[in-house]
Each structure stands twice: as structure tokens, then as C-alpha cells.
Amino acid sequence: MARYMTFRVLQAAGVLWAAFTATFAVLYLLPADPVQLAVDASPGTPVDAVAVAELQARYGLDKPVWEQYWTALTHALRGDLGYSLTTGQTVSAAITEALPSTLALAGSALAAAVVFGAALALAAAYTERRWLRAVLTALPPVGAAMPTFWVGLLLLQVFSFQLRLVPAFGGTGFAGTVLPAVTLAVPVGAVVAQVLYSGLVTTWQQPFVAVALAKGASRARVQRRHVLRAALGPALAVAGIWVGTVLAGSVVVETVFARAGIGRLTQTSVLNQDIPVVQGIVLFGAAAYVVVNLLVDLVYPLVDPRVVDRPRRKVPVHA
């Protein structure tokens, strides 16, 4: 176990380093200068060239690229993600300020996706009516194919502009979270339903299911007590994809609904080429992905003990 945990921690560190390096390289390949972008944002205000050079020196933009990378990496290892080139605020403070809104949105979306996706998969695997199963299994591909921004605009048109049940933009509390959460839950719920349904169908064909049915157990009891637990493994294995989908979808959803959060912060930081903030957001996303996958690896043997290699007793062989 100690060797396994050490390997996983080193792997996580490698993922974080790769994410940091890739983000740094992509942002510095862009032709624009973040300081010059800030100057161009106020075309009517004259800016002294000396002041521009001073800002570039303050943020280290006048140094060679390799030196900027090394400085940023060593500071990140100490927990210092730097300062925003746009606002002057620390990157940690900017992310912490935007995080609660995104966590509320992501948590609501994941809860809705798991509940409705799992219910759809269970219903499709349980029913013995072919037409109903065909209808239920056709819904997840439709949900996965619909663009997130289109779903958000459709929900806004129906529930905000026509029915006027919830605020269209910038709402708070349950009323301001329900539409963004549903928008974000549609693609995630589709993945949950597809993966879980595949696991359920495969498990229903196992011999132990036939034995349980032969002993007189009802179909509902067999699915609840035996099939579901064995089918959860593949669904847990793609939990990291769910986290990635939620983090990536939050950028679009928070933009459509004019909602403050990590998504809006990412959008404005990329547009302003605010390199420290973008790197901090990427590191946050990579860390969330790594932590979720590590938790899945630890929980997986509890759900399916067959993945654990147990030592076998050696049987003596006599001549």
C-alpha cells in the first residue's frame, strides 16, 4: 500500500507539472503582450513608454522565457501563484473569491446528473419491454450530443423569458442556480447513464444473477442487491471525466447565464492573457482531477473486491 500511494503521489505531481508547463508554453506562444493588452484597453488614455517598461519589469516579462518559467515554477512549488496582471490581486485570492459560486453550481449539477442518469440506466436495464428500453437508451446519446450553450439558451427562453419562473441572468440562491445546474447536468448525466447501463447489462448476463433468480429472488431485489454493486465499477472509473466535463462546462454555462465563478474568471483571464491567473486555474483543475481519481482508486476495491489481488495459499506438490 505504501508503494502504491507513493507511486500515485508521484504520478499526481507529474500531472500537475505537465499541466503547468503546457499552460505556460501555450500562453507564451501567443503573439500579444499582456501589459500591452492592458494599455490597448484604454485607447484614449496616453501611456508613457517608461511606465509600460516598468510594468513589464515588475512582472518579469522583460526576462528570457526560460527564466520566467523557472521563476514561476519555483514560486508555485512554494504555494505562491503570483499576482494578476490585470487587477494586481493575488491569484490565490482571485480563485478563492470565484470558487464558492462554481462549487455550488458543480455540486448541484453533479448531484442532478448522478440521480437522473442512474435512474435512467436502472429503468432501462430493469424493464423487459423492448420498446421502452429502446426509448430510454436513446435519451443519453441525445443528451450528450446537445451543445451546452444551446441547452442553456433553450432553458432561458422557456423558463426565464416565457414562463418567468427564474431570473435570466446573475441570480443567486436556488432560483439562480437551478437552470445553470440543469444545463451542466445534461451532458454529465448522459455519460453516467450510458456507462452505468452498459455495466448493468453486462452484469445481468453473469451466472450469479441466474442463480439468484432461480432461488426465488425478485428482479427488483436482484438488481438492487447484486447487479447494481457489480456494475458500479465502470461508472466510478470515469468519475474523472465527470469532473473534467463539469469544470470545462462551467466556462460556457457561467458565460451564458452571466454568473460569476471560475468559468467567468477563466474567460476574462484568457482574453486578457493574464498568465498567472490562467496557470492557477489550470493547476486547480488538474489538482481536482488528480484528487478525484485517487479517491476512485481507493474506493474501487470496496465496491468490487475482485480487483484486489489476494495472496493464494501455496499447495505443496508431492512427487
Minimum-distance pair of heavy atoms, taken over all atoms of [X] and [Y]:
X	Y	answer
Ala185	Ala113	O-CB, 3.7 Å
Ala125	Trp204	O-NE1, 3.9 Å
Pro187	Thr183	CD-O, 3.5 Å
Val290	Val15	CG2-CG1, 3.9 Å
Ala287	Leu16	N-CD2, 3.5 Å
Ala190	Gly143	CB-C, 4.0 Å

Between [X] (side chain) and [Y] (backbone), is there a donor-acceptor pair under 3.5 Å?
X	Y	answer
Gln68	Lys63	yes
Thr102	Ile262	yes
Ser198	Gln194	no
Thr127	Ala123	no
Gln267	Gly263	no
Ser101	Ala260	yes

Return the [atom1] to [atom2] distance between [X] and [Y], rounded to the nearest 0.5 Å.
X	Y	atom1	atom2	value
Arg130	Thr137	CZ	OG1	13.0 Å
Arg219	Glu128	CZ	CD	4.0 Å
Phe257	Leu105	CZ	CG	9.0 Å
Arg133	Tyr126	CZ	OH	11.5 Å
Leu196	Leu122	CG	CG	5.5 Å
Ser92	Leu99	OG	CG	11.5 Å

Note, [X] side chain near [Y] side chain (heavy atom, < 4.5 Å):
X	Y	answer
His75	Leu81	no
Thr177	Arg259	yes
Phe208	Thr203	yes
Val91	Asp80	no
Leu265	Ile281	yes
Thr148	Val186	no

Following the transitive rule for hydrophobic clusters with a side-chain heavy-atom cut-off under 4.5 Å over Ile, Leu, Val, Met, Phe, Trp and Tyr, establish whether [X] and [Y] coincide in one cluster.
X	Y	result
Phe159	Val182	yes
Phe24	Val278	yes
Leu77	Trp66	no
Val252	Leu155	yes
Leu184	Val151	yes

Check this for me: Phe20, atom CZ, are more than 12 non-hydrogen atoms of other residues, nucleotides or ligands nearer than 6.0 Å?
yes
Tell me every residue that passes side chain to side chain contact (heavy atoms under 4.5 Å, CB included) with Ser160, counting only those two or more places apart in sequence or in another chain.
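Ser160 satisfies side chain to side chain contact (heavy atoms under 4.5 Å, CB included) with Leu156, Val166, Ala168, Leu179 once adjacent residues are dropped.
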Who pairs with Thr74 by side chain to side chain contact (heavy atoms under 4.5 Å, CB included), at least two apart in sequence or on another chain?
Trp70, Arg78
